[in-house]
Amino acid sequence: MTAQLIDGNALSKTLRADVATRAAALTARGHRPGLAVVLVGDNPASEVYVRNKVKACQDNGLHSVMDRFPAALAESDLLAHIAKLNADPSIHGILVQLPLPAHIDSHKVIEAIVPEKDVDGFHVANAGALLTGKPLFLPCTPYGVVKMFEAHGIDLKGANAVVIGRSNIVGKPMALLLLEAGATVTICHSKTRDIGKHTRDADVVVAATGRRNILTVDMVKPGATVIDVGMSRNDEGKLCGDVDFDAVREVAGYITPVPGGVGPMTITMLLVNTTEAAERTAQG
Ligand code: NAP
């Protein structure tokens, strides 16, 4: 059996068309959704991510500003800039691209964003609310994965789900969303003794480590849904995920490719969150 591909580009196209319609309606009422992207330093990967986010805003009728600062920026100056964006009525979402330079406390910076503009869903108020089921925003990457399950009618009720990775931005919120959807969830990480022991019994596996081939075909139950969040470069410099794609696609039921899977969905959900923030403001 060859797995059915979950195409993040195709799903994004549909969801972005809806965002563009909502953004146009808001703009007509004087509430054009606005996203501020803040980049500190010159990390080349961050530059690409930020450029893609700003372009996606432009392509779908959202207002976007990109604020670039040198790596030597003082933490206090960054906090002052966030305060300015918090007060700016043309900005509904604030995204600070991570990682920040080592001398800046990223927790402090994220906590400085008002939760109503925290479109990444990383503020402690939103992360905490995710635990109780009512956040203002879901973190974009796990939110995008949920949309992929929905689009393909993948039923999570009673499913065994394994998340590999336990970061605050992907692994942990992903596990909470799967739990919320009714799955029985296991979280694996770098200290897990035998990941395959868990994944072989899983109906759904979400790999989010950034380590190539962390999930190989012998670790996958036939027919399972395999979601690859990982992004790294192979020896030839080609973008690849965490999953041994060519072999795993022969046994899985559904699989996401890299590129063209979770990556575009993450940006799409950022647009969705920013539009939703603007709709809330417009409603007063
Ligand atoms: P992260 O903060 O570095 O976390 C990586 C996680 O993987 C950690 O929990 C770590 O475990 C676990 N891990 C590392 N090596 C492992 C191993 N050998 N076995 C099992 N677990 C292992 O990274 P992240 O921010 O969550 O991102 C994860 C990956 O997703 C990266 O490749 C990133 O580029 C990608 N990503 C993609 C998107 C997208 O839109 N496609 C968005 C965000 C992130 P410990 O906690 O024990 O160290």
Atom pair [atom1] ([X]) and [atom2] ([Y]), whose distance is rounded to the nearest 0.5 Å:
X      : Y      : atom1 : atom2 : result
Met265 : Leu15  : CE    : CG    : 5.0 Å
Leu156 : Thr184 : CG    : OG1   : 11.0 Å
Leu136 : Glu116 : CG    : CD    : 6.0 Å
Glu180 : Leu178 : CD    : CG    : 10.5 Å
Met231 : Arg212 : CE    : CZ    : 15.0 Å
Ser167 : Lys172 : OG    : NZ    : 8.0 Å

Check whether any side-chain heavy atom of [X] sits under 4.5 Å from a side-chain heavy atom of [Y], and report yes or no.
X      : Y      : value
Val65  : His63  : yes
Pro33  : Thr27  : yes
Lys55  : Asp59  : yes
His81  : Phe69  : yes
Cys188 : Val163 : no
Ser232 : Cys240 : yes
Gln58  : Ser64  : yes

Treating Ile, Leu, Val, Met, Phe, Trp and Tyr as nodes and any side-chain heavy-atom pair under 4.5 angstrom as an edge, say whether [X] and [Y] lie in one connected cluster.
X      : Y      : answer
Met219 : Ile255 : yes
Val258 : Val206 : no
Val229 : Leu98  : yes
Leu176 : Phe149 : yes
Leu85  : Val119 : no

Between Phe137 and His123 (judged by ring centroids, cut-off 6.0 Å), do the two rings come close enough to count as a pair?
no
Quickly, which of Ile169, Asp120, Ile267, Val170 forms a side-chain contact (heavy atoms from CB on, under 4.5 Å) with Thr141? Name it, please.
Val170
Using side-chain contact (heavy atoms from CB on, under 4.5 Å) as the criterion, point out the one residue from Ile113, Asn273, Ile94 that pairs with Asp118.
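Between Asp118 and the candidates, side-chain contact (heavy atoms from CB on, under 4.5 Å) is satisfied uniquely by Ile113.
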Between [X] and [Y], which heavy-atom pair has the shortest distance, and what is it?
X      : Y      : value
Thr274 : His92  : O-CB, 4.1 Å
Ile104 : Leu100 : CG2-CD1, 3.9 Å
Ile187 : Gly165 : CG2-O, 3.7 Å
Pro257 : Phe245 : CA-CE1, 3.8 Å
Arg32  : Gly61  : NE-O, 3.1 Å
Ala125 : Pro115 : CB-CG, 3.9 Å

Going by an N to O cut-off under 4.0 Å, is there a salt bridge joining [X] and [Y]?
X      : Y      : answer
Asp67  : Lys84  : no
Asp242 : Arg211 : no
Lys108 : Glu75  : yes

Taking atom CG as the centre, does Asp194 end up with more than 12 heavy-atom neighbours from other residues, nucleotides or ligands that are less than 6.0 angstrom away?
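Buried by this count: over 12 neighbours within 6.0 Å.
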Heavy-atom count check: over 12 atoms from other residues, nucleotides or ligands less than 6.0 Å from His107 NE2?
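Result for NE2/His107: open.
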Okay, side chain of [X], backbone of [Y]: is any donor-acceptor separation there less than 3.5 Å?
X      : Y      : value
Lys147 : Pro142 : no
His103 : Leu73  : yes
Thr266 : Val262 : yes
Lys157 : Ala183 : no
Glu111 : Val124 : yes
Arg200 : Asp218 : yes
Arg166 : Ala175 : no
Lys117 : Asn86  : yes

Reference residue Lys221; test side-chain hydrogen bond (donor to acceptor under 3.5 Å, both in side chains); the match among Asp203, Asn160, Thr199
Asp203
Any side-chain donor-acceptor pair under 3.5 Å between [X] and [Y]?
X      : Y      : answer
Lys238 : Asn234 : no
Thr268 : Arg16  : yes
Thr256 : Asp228 : no

Just do the salt bridge (charged side-chain N to carboxylate O under 4.0 Å, His left out) check on Glu279 and Arg22 with the steps written out, would you?
CA-CA 9 Å; Glu279 283 170 349; Arg22 289 159 67 187; 2.8 Å; yes
